[in-house]
Amino acid sequence: MGPSAADTDRGVYGISVAAELVGMGPQTLRLYEQRGLLEPERTEGGTRRYSEDDLHRLRRIGELLDDGLNLAGIVMVLGLERDNARLQATNTRLRARRH
DNA sequence: CTTCTGACA
DNA sequence: TGTCAGGA
């Protein structure tokens with residue numbers, strides 16, 4: 001794997017680099033944040049720092065956008081996916097205890 | 001780099 | 001509605 005473990009939630013990329021990596025414009029990334037799809041870290045100076053998780057999220061947003069969803073719908077889908085992942089994890093733990 | 005506003009399909 | 005261009 002990566003050298004120094006997996007803190008993929010740590011903001012490292014500036015907005016220009018992040019936008020370049022996911023094939024979007026910087027303004028688009030700002031809009032997504034304004035709409036509540038994303039919340040990258042901020043430096044003390046107030047500039048955004050996008051994490052690897054943020055990049056995955058941005059690519060997921062691109063997919064859903066491609067599927068014809070609007071930003072409001074994507075917010076809901078991402079929320080449901082997060083909830084679902086949590087439920088699945090809980091479900092797996094319960095099964096392991098063999099109730 | 002930031003936020004904000006207007007134009008376009 | 002989402003994206004982009006330009007200004008402050």
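Note that these values count all heavy atoms, side chains included, but never hydrogens, waters or copies made by symmetry. In the text below, chain A, chain B and the rest are named by the order of the sequence lines, each starting its count at 1. Quick caveat: nothing in here was measured; it's all calculated off a predicted structure.
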Checklist entry - Checking all strands, does A:Arg30 fall into the base, sugar-phosphate, or nothing category for heavy-atom contacts under 4.0 angstrom? => result base
Next on the checklist: Under a 4.0 Å threshold between the charged nitrogen and the carboxylate oxygen, would A:Glu33 count as salt-bridged to A:Arg30?
Outcome noted: no
Checklist entry - Using 4.0 Å as the upper bound for N to carboxylate O, is an ion pair formed by A:Arg48 and A:Glu39? => result no
Checklist outcome for this item: Between A:Leu71 and A:Arg35, the two heavy atoms sitting closest are CD1-NH1, 3.6 Å
Next on the checklist: Which heavy atom of A:Asp54 sits nearest to which heavy atom of A:Arg49, and what is that distance?
Outcome noted: OD2-O, 4.1 Å
Checklist entry - Could you write out DNA chain B as a dot-bracket string, with dots for unpaired bases, | for bases paired across to another strand, and Watson-Crick or G-U pairs counted at under 3.5 Å? => result .|.||||||
Checklist entry - With a 3.5 Å cut-off and no angle check, do the side chains of A:Glu52 and A:Tyr13 form a donor-acceptor pair? => result yes
Item to check | Donor + acceptor pair across side chains of A:Asp9, A:Ser51 (<3.5 Å) | outcome: no
Next on the checklist: I want to check something: taking the side chain as every heavy atom from C-beta on, are A:Leu38 and A:Leu58 in contact at a cut-off of under 4.5 Å?
Outcome noted: yes
Value in whole Å for how far the [atom2] atom of [N] lies from [atom1] of [X]:
X	N	atom1	atom2	value
A:Ile74	C:dT1	CD1	P	14 Å
A:Glu33	B:dC4	CD	P	12 Å
A:Leu64	C:dT1	CG	C1'	16 Å

Checklist entry - Any sub-3.5 Å donor-acceptor pair from A:Asn84's side-chain atoms to A:Glu81's backbone N or O? => result no
Checklist entry - Closer than 4.0 Å, any side-chain N/O of A:Arg48 to the OP1 or OP2 of B:dT2? => result yes
Next on the checklist: Is the phosphate of B:dT2 approached by A:Thr47 (side-chain N or O, under 4.0 Å from OP1 or OP2)?
Outcome noted: no
Checklist entry - With the sugar-phosphate defined as primed atoms, P, OP1 and OP2, and the base as all remaining atoms, what B/S/- string results for nucleotides 2-8 of chain C, 5' to 3', for protein heavy atoms under 4.0 Å? => result SBBB---
